[in-house]
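First comes the structure, then the notes that go with it.
If you read the sequence from its start, that first residue is 1, and numbering goes on from there. Both counts, for ligands and for their atoms, begin at 1 and track the order of listing.
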Amino acid sequence: MGELFKDVPKIKYEGKDSRNPLAFKYYNPEEVVGDKTMAEHLRFSVAYWHTFTGEGVDPFGMGTMVRPWNSLQDPMELAKARVEAAFEFMQKLGVEYFCFHDRDIAPEGETLAETNRNLDEIVALIKEKMEETGIKLLWGTANLFAHPRFVHGAATSPNADVFAYAAAQVKKALEITKELGGENYVFWGGREGYETLLNTDMGLEQDNLARFFQMAIDYAEEIGFTGQFLIEPKPKEPTKHQYDFDVATVLSFLRKYGLEKYFKMNIEANHATLAGHTFQHELHLARVNGVLGSVDANQGDMLLGWDTDQFPTDIYTTTLAMYEILKNGGLHSGGLNFDAKVRRASFEPVDLFYGHIAGMDAFARGLKVAHKLLENKVLEEFVAERYNSYCEGIGKDIVEGKVGFKELEEYVMKNDQITNTSGRQEMLESIVNQYIIEV
Ligand code: XLS
Ligand code: CA
Ligand code: CA
C-alpha cells in the first residue's frame, strides 16, 4: 500500500520550547537519566488493538475512525495492511515495542485450524517486519472474550468445551509469542468473573482458572518459552465482578494455588482507579511483593465509572508511577504499553500520533521528576524518619521478634505517655508540586 501516514514525518525531540505538535517536548530517547537512557527506562510499547484494529465503536454508534486501510474488504488483506501500518507508525514514532492479542492481528476462520493458518501467515509477515526494523514484541496474549463462545467466560466457563477451546487458543498464542521473541505473556481475565451468584459455582470456577494457569506454565516449559507470565488485574467490566479484581486479590489467588513464583503483574492505571485505588497504590503493592512486572500506561476519566483507556497526560500520576518503577529497579522485561485509544471524535490518523506523543512526553517528564525526588531522597528520608521508632528500643525488639504481648504490656506500664508527630501530608504534596514545576 506504500506509505500510509503520508503527512507525518519521523517524530523528533525538539525540547520544551517547541510548539510543533508532532514533536517530543520531553521524551529524548538518548538522554541519560541516572544510569540509563530514557528509552531504556521507559520501554514504550504500542497496543495493536486500539491503534490498528480499533474502529471507534461505542454502545451508541458505529466506528468513526478514518484509516488508510479502511477500504480493504478481504479480512486477510486488511490484516496485512495493518501490519504495514503498524511498523510504519512505530518507526515514525520511535517506539521499540508492541503488544497484541491473537485476534487483533489475524481474523478468525471457519475452524480453529483455519484461524491458526491465518495467524501463521500474519506472524510470518510480522516477523519479517521485526527483523527489518528491530522493533520487538513486549507481550502477546489471547483474546478469550470477544467471540460469543466466551459468553460465560473462558477458563471459568461452566462449559468444559469452552475451557478446552480457550486452552487450545492459549497454546497457539504461546507458540506465536515465542516465535516472535515476546518478552512476556499476559493473562487478562476478560470474562473470567460473574454476573450473579444465583447461577455461579465460584469455588469451581477459581479452581479451574488455577488449573488453566498451571497448564500454561507446563506448556511454556515444554516448548521452551522463557518469557515472564503476567496477570493483569481489573475489578469489573465486562463482568460485574472480575476474579482478578486487583493486585491484592490476584496475590492471594496465586498464593492459594501455589502459583506465585510463576507470575508477576501487568498493572493498568485505569483498572487501578476502577478498583477504587490509585495507580501508585497498585504499583506500590506489586513492588513491595516482588511482582511488579509491566504497565499498561493509560488513564481513566475521574467523572466516568468505566474503562475509558485514555492516553496518560496527568504528570502528577506519571511522576508517582515512575517513582514506583524506579524504586523497583525498573520494569526489567516489562515496559510501558499504551493500552490507550484516541477518543471517538479524534478520528483522523494523525490523532494516533498526538495521543502517543502526549503519553510519551508525560512519562518522560514523570521520569525526570521522579528521578530528582529519589536523587535528593526528599520523600525517602521523610518516610525513613517517620518509621524510625522501629530501628531502636522497643520498636527494634518488635521487628526482631524479641517481644510478645506480655513484654509489651510491661513496657507500656512504664511508658504510657505517647507522643506522635505530624504526617505532614500537605507539606509533602507541596514539595512534590515544586519538583514537578521546577525539574
Ligand atoms: C481490557 C484489558 C486488555 C488487556 C489485554 O480492559 O486492558 O486490553 O490489556 O487483554
Ligand atoms: Ca490493559
Ligand atoms: Ca483498560
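Shown are Asn116, Asp120, Thr177; of these, the side-chain hydrogen bond (donor to acceptor under 3.5 Å, both in side chains) with Lys172 is made only by Asp120.
Centred on the Ca ion (ligand 3), the OD1 atom of Asp307 and the OD1 atom of Asp309 lie at an angle of 70°, reported to 10°.
Here Glu40 contributes atom CD and Glu96 contributes atom CD; the two are 9.0 Å apart, rounded to the nearest 0.5 Å.
Using a distance-only test at 3.5 Å, with no hydrogens or angles considered, no donor-acceptor pair links the side chain of Asp339 to the main chain of Asp296.
The atom of Asp296 nearest to the Ca ion (ligand 2) is OD2, with the search restricted to N, O or S atoms. In Asp339, the N, O or S atom that comes nearest to the Ca ion (ligand 2) is OD2. Nearest N/O/S atom of Glu268 relative to the Ca ion (ligand 3): this is OE2. Among heteroatoms of the N, O or S kind in Glu232, OE2 lies nearest the Ca ion (ligand 2).
The minimum heavy-atom distance linking Lys16 with Tyr26 is given by the pair CB-CE2, 3.9 Å. Between Ala297 and Phe363, the shortest heavy-atom distance links the atoms CB-CE1, 3.7 Å.
Under a 4.0 Å N-O distance rule, the pair Glu183/Arg43 qualifies as a salt bridge. In this structure, Lys372 pairs ionically with Glu375, as a charged nitrogen and a carboxylate oxygen lie closer than 4.0 Å.
No side-chain heavy atom of Thr317 sits less than 4.5 Å from a side-chain heavy atom of Leu320.
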If you look at each N/O of ligand 1, which protein N/O atoms lie under 3.5 Å away, and at what distance?
from	atom 1	to	atom 2	distance (Å)
ligand 1	6 (O)	Lys234	NZ	2.8
ligand 1	6 (O)	His271	NE2	3.3
ligand 1	6 (O)	Asp307	OD2	3.1
ligand 1	7 (O)	Glu232	OE2	2.9
ligand 1	7 (O)	Glu268	OE1	2.8
ligand 1	7 (O)	His271	NE2	3.4
ligand 1	7 (O)	Asp339	OD2	2.8
ligand 1	8 (O)	Asp339	OD2	3.3
ligand 1	9 (O)	Glu232	OE1	2.7
ligand 1	9 (O)	Glu232	OE2	3.0
ligand 1	9 (O)	Asp296	OD2	3.1
ligand 1	9 (O)	Asp339	OD2	3.1
ligand 1	10 (O)	His101	NE2	2.7

